[in-house]
Structures are given as C-alpha cells and as structure tokens.
Undergrad: 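This structure is in structure tokens; I'll ask about it shortly.
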2 protein chains.
Amino acid sequence: MLRLSTKGQYGVRAMFELAKNYEKGPLTIKEIAARQGVSISYLEQLLNKLRKSKLIKSQKGPGGGYVINKKPEEISVGLILSSLEGPVAIAQCLGPSAKGCKRVEGCVTRLLWKSLGEKIEDFLDTINLNDLLKEETKLLR
Amino acid sequence: MLRLSTKGQYGVRAMFELAKNYEKGPLTIKEIAARQGVSISYLEQLLNKLRKSKLIKSQKGPGGGYVINKKPEEISVGLILSSLEGPVAIAQCLGPSAKGCKRVEGCVTRLLWKSLGEKIEDFLDTINLNDLLKEETKLLR
DNA sequence: ATAATAGTCTACTGTTATTGTCAAGTATTG
DNA sequence: CAATACTTGACAATAACAGTAGACTATTAT
C-alpha cells in the first residue's frame, strides 16, 4: 500500500544526479537516462515538470543539459515530489478535487488521513538533496 | 501522490462501525454497507480479508453478522490496512517482490523510501480503534 | 424439517492511472 | 549550418483498482 509512482522515484534520482554534478556544469538528459537505465523520452517529461517548477534549468545546444537551479540544501524531496505528482492526498476527500463525501464534518477517518498526510509531508520537507549527498558519502566510506 | 485505495479506507471505516457496535452484538454486512453507502458485494471482499486475519469474526444465520475479535484498543489502523493491502511499500525495491533494481547496495533513495515507510507504519501502528472512538465523541461534543 | 437469514467464495468486467514510446519541431552553439 | 539537445503533444500497452454477479454453505427460529 501507499506506493509512490516511478515518476516520483526517477525524478528524485535524477535530481540527485544533478545535485552531484552541479558544480561541474550541465548534465545531458542522455547521461542521466543512461545512469538510471530509464528511457530518454520518459525522463524528458519529468525534467520538464521540474523545470517548470524552477527546480532545475536547462541549456540548449552543444555542451548544454540540465543543472539544478538552487543549492542542494534548498531543494527538499518534498518539493521534488510535489512538482511531479502534486500534493500528498491519502484520500480523495483531502485532495484538490474533494467531492462526494458527505460526511466531511465529524468524519473521524478523514482526520486520520489528514494527519497522516501531514506527517508524511513534514518528513519529506525536512530532507533535502544535500542530506542525500552526505548520506551517500557515508555509505561509500 | 501516495493515495490510499478505497479498499483501505472502506475497511477502516467498517472496522470503526464494528468497534462502535461491538458490545451490542453482531452487525450485518447489509447494515454496514448501508451506513457507508458501499455495495454489499464489494464490502464482502474486505470483510473476508479482515476475517482471515482474525481481526473480526462472523456468525451466520439470523441474528448473525460481524463482530470485532479483539478489544478496540488492540486493533491498530496499521493492522487493518496491512490485512487489506499488504505492508507499506513506497517503492518496489522494498516490497515483498523486490526485483530488478540492481543498485540495492549504496542506493540512497532506497534508504529514503525505507525510512519514510517506517515512519508511516509507526504512525499507523500507534493509532487504534479506541483512539478513533474517543476522537469521535470529542467531535460530537 | 424447512424457510428465512446471513455469510462464503470465485470469476468476471469496466475504468482509470501508470508507464512508457514516438515523431515532428524548436533553440543554441561551435 | 550542422550538430547537439531540449520541447511538445499525441498515442498505446499494461496493470491496478473498483465494483458486480451468481452460485453456494451454514445457522437459527418456527
């Protein structure tokens, strides 16, 4: 239960690659796709969304590619995921298109999902790309 | 993102109804379905799973129905959800059928999803049906 | 006994979201 | 101006979800 789509997973991994590379200049989509074993076409869509939410910027032409648009410590995993998949919405009655559920008032389970959602978002917002970078150097040691 | 299926939502609500009723004897599936506005056939499947994991017991024949099999405070929301939908598995590489991902060692994002999953399970395990009952009386006051 | 009640089980179907692929086009640099 | 690389939108396969249907079994009250 509560599976995250591959979109979110690939997206975070791509951002992680970009963060690792951000002082060396742009990374081509081809390179990112190769490192992750994902198709270029699919990755394009994700990077597109991330670019539109200003988390990354792109540079065309030879030598171009993608770079993160903020420092790694300023980009939380929560930001990445909400750019790609919208806000956490455990139940429909909590999402942007809330409708149908007539028991909004006094609905105990709704409160439950709401507070779970908040817990998750809090967690995701406290973790940024720099944390992941540090985590990796720790693992490789 | 991270939507919970209706299966989980209906299941928790059904268990909540049963908890409210548990001292008054069995509740028929018909009654539960009516209170929730869900079809009997669909609800059956859920109650079946809950019965198989011993969270509820059933009684056939006139006057029969379903009753919870433990005290409300002994049934956590986490238990209910994992009976219905299996364990929390944010990413495939964490689930029971983990396969494909060759970067298991040193995969930073995998650790991220793992600890998120644990956070979620911890939260769900700390909340039981009695908590929800108390919450409701608070809301109705 | 037997009729009425109530749960059990399995198979099937429509819908929706996910997970991609493809192709034609646009912009930038050397 | 050619090579490189990003942009966009349409489309298709697959899987998961959500729900329906029907035939069956067990229990109780009369």
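Within every chain, numbering begins at 1; the chains are lettered A, B, ... in the order of the sequence lines, protein sequences first and strands thereafter. What's counted below: heavy atoms across the whole structure, side chains too, no hydrogens, waters or symmetry copies.
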Undergrad: Which heavy-atom pair separates Ile32(A) from Ala14(A) by the least distance, and what is that distance?
TA: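 Minimum heavy-atom separation between Ile32(A) and Ala14(A): CG2-CB, 4.0 Å.
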Undergrad: For DNA chain D, whose closest nucleotide is more 5', that of Arg3(A) or that of Lys52(A)?
TA: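 Nearer the 5' end of the strand: Lys52(A).
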Undergrad: Take the protein atom CG of Leu50(A) and the nucleotide atom P of dT7(D), then report the distance between them rounded to whole Å.
TA: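 Taking CG of Leu50(A) and P of dT7(D), I get 12 Å after rounding.
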Undergrad: Strictly below 4.0 Å, N to O, side chains only: are Glu17(A) and Arg13(A) in salt-bridge contact?
TA: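 Not counted as a salt bridge, because no side-chain N and carboxylate O are separated by less than 4.0 Å.
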Undergrad: Students often get this wrong, so: under 4.0 angstrom with heavy atoms, is Ser5(B) touching a base, only sugar-phosphate, or nothing?
TA: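 Since only primed, P, OP1 and OP2 atoms lie under 4.0 Å of Ser5(B), the category is sugar-phosphate.
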Undergrad: Verify the contact: side-chain N or O of Tyr10(A) to OP1 or OP2 of dG20(C), cut-off strictly under 4.0 Å; return yes or no.
TA: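 Checking dG20(C) against Tyr10(A), a side-chain N or O does come within under 4.0 Å of OP1 or OP2.
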Undergrad: Go through the side-chain N and O atoms of Gln9(B) and Thr109(A) and say whether any donor and acceptor fall under 3.5 Å apart.
TA: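 The answer is no; no qualifying pair exists.
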Undergrad: Grab the CD-C1' distance between Gln9(A) and dG20(C) for me, whole Å please.
TA: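 Taking CD of Gln9(A) and C1' of dG20(C), I get 15 Å after rounding.
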Undergrad: On the nucleotide dT8(C), are OP1 or OP2 found under 4.0 Å from the side-chain N or O atoms that Arg51(B) carries?
TA: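 The answer is yes; a side-chain N or O of Arg51(B) sits under 4.0 Å from OP1 or OP2.
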Undergrad: Grab the CD1-C1' distance between Ile40(B) and dT8(C) for me, whole Å please.
TA: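 From Ile40(B) CD1 to dT8(C) C1': 14 Å.
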Undergrad: Establish, with yes or no, whether the OP1 or OP2 oxygen of dA6(C) is under 4.0 angstrom from a side-chain nitrogen or oxygen of Thr28(B).
TA: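 Looking at the OP1 and OP2 atoms of dA6(C), neither is under 4.0 Å from any side-chain N or O of Thr28(B).
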Undergrad: Provide the closest heavy-atom pair for Met1(B) versus Ser82(A) in the form atom of the first, atom of the second, distance.
TA: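 In terms of heavy atoms, the two residues are closest at CE-N, 4.2 Å.
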Undergrad: If you check every side-chain atom of Ser58(A), which of dT8(D), dC6(D), dT21(C) has the closest atom?
TA: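 Among the listed nucleotides, the one closest to the side chain of Ser58(A) is dC6(D).
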Undergrad: Without decimals, in angstroms, what is the distance between Lys49(A) NZ and dT8(D) P?
TA: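 Rounding to the nearest Å, NZ of Lys49(A) and P of dT8(D) are 13 Å apart.
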Undergrad: Among Ile56(A), Leu129(A), Leu55(A), which residue meets the side-chain contact (heavy atoms from CB on, under 4.5 Å) test with Leu18(A)?
TA: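 Checked Ile56(A), Leu129(A), Leu55(A) against Leu18(A); only one passes side-chain contact (heavy atoms from CB on, under 4.5 Å): Ile56(A).
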Undergrad: For dT8(D), does either OP1 or OP2 sit under 4.0 Å from a side-chain N or O belonging to Asn48(A)?
TA: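 Affirmative; the distance criterion is met.
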Undergrad: Which atoms form the tightest heavy-atom contact between Leu84(A) and Lys49(A), and what is the distance?
TA: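 Distance-wise, the nearest heavy atoms are O-NZ, 3.5 Å.
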Undergrad: Using a 4.0 Å heavy-atom cut-off, does Ile29(A) contact any base of the nucleic acid, only the sugar-phosphate backbone, or nothing at all?
TA: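 Result for Ile29(A) = sugar-phosphate.
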Undergrad: Report yes if at least one side-chain N or O of Tyr42(A) is closer than 4.0 Å to OP1 or OP2 of dA13(D); otherwise report no.
TA: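 Tyr42(A) to dA13(D) OP1/OP2: no side-chain N or O under 4.0 Å.
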Undergrad: What are the two closest non-hydrogen atoms of Leu79(B) and Glu74(B), and how far apart are they?
TA: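 Answer, listing the atom of Leu79(B) first, then Glu74(B): CD1-O, 4.0 Å.
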Undergrad: Name the nucleic acid region contacted by Lys7(B), choosing base, sugar-phosphate or nothing; use a 4.0 angstrom heavy-atom cut-off, strictly under.
TA: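 Here Lys7(B) touches the backbone only, sparing every base.
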Undergrad: Has the side chain of Asn128(B) got a donor or acceptor atom that lies under 3.5 Å from a matching backbone atom of Glu73(B)?
TA: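 Yes; at least one donor-acceptor contact below 3.5 Å.
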Undergrad: Without decimals, in angstroms, what is the distance between Leu2(B) CG and dT18(C) P?
TA: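 Value for this atom pair: 11 Å.
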Undergrad: Produce a footprint string for nucleotides 24-30 of chain C: one letter per nucleotide, 5' end first; B if the base is under 4.0 Å from any protein heavy atom, S if only the sugar-phosphate is, - if neither.
TA: ---SBB-
Undergrad: Just the rounded figure in Å: distance from P of dC6(D) to CD of Glu31(A).
TA: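 Result: 12 Å.
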Undergrad: Tell me: CD of Gln36(B) to P of dA18(D), nearest whole Å?
TA: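 These atoms are roughly 14 Å apart.
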Undergrad: Heavy atoms only, 4.0 Å cut-off, all strands: where does Ser41(A) land among base, sugar-phosphate and nothing?
TA: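 The answer is base, as Ser41(A) lies within the cut-off (heavy atoms under 4.0 Å) of a base atom.
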Undergrad: For Thr6(A) and dT19(C), is the shortest distance between a side-chain N/O and OP1 or OP2 below 4.0 Å?
TA: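 So the side chain of Thr6(A) is within the cut-off, an N or O lying under 4.0 Å from OP1 or OP2 of dT19(C).
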Undergrad: CD of Gln45(B) versus C1' of dT13(C): gap in Å, rounded?
TA: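 Result: 13 Å.
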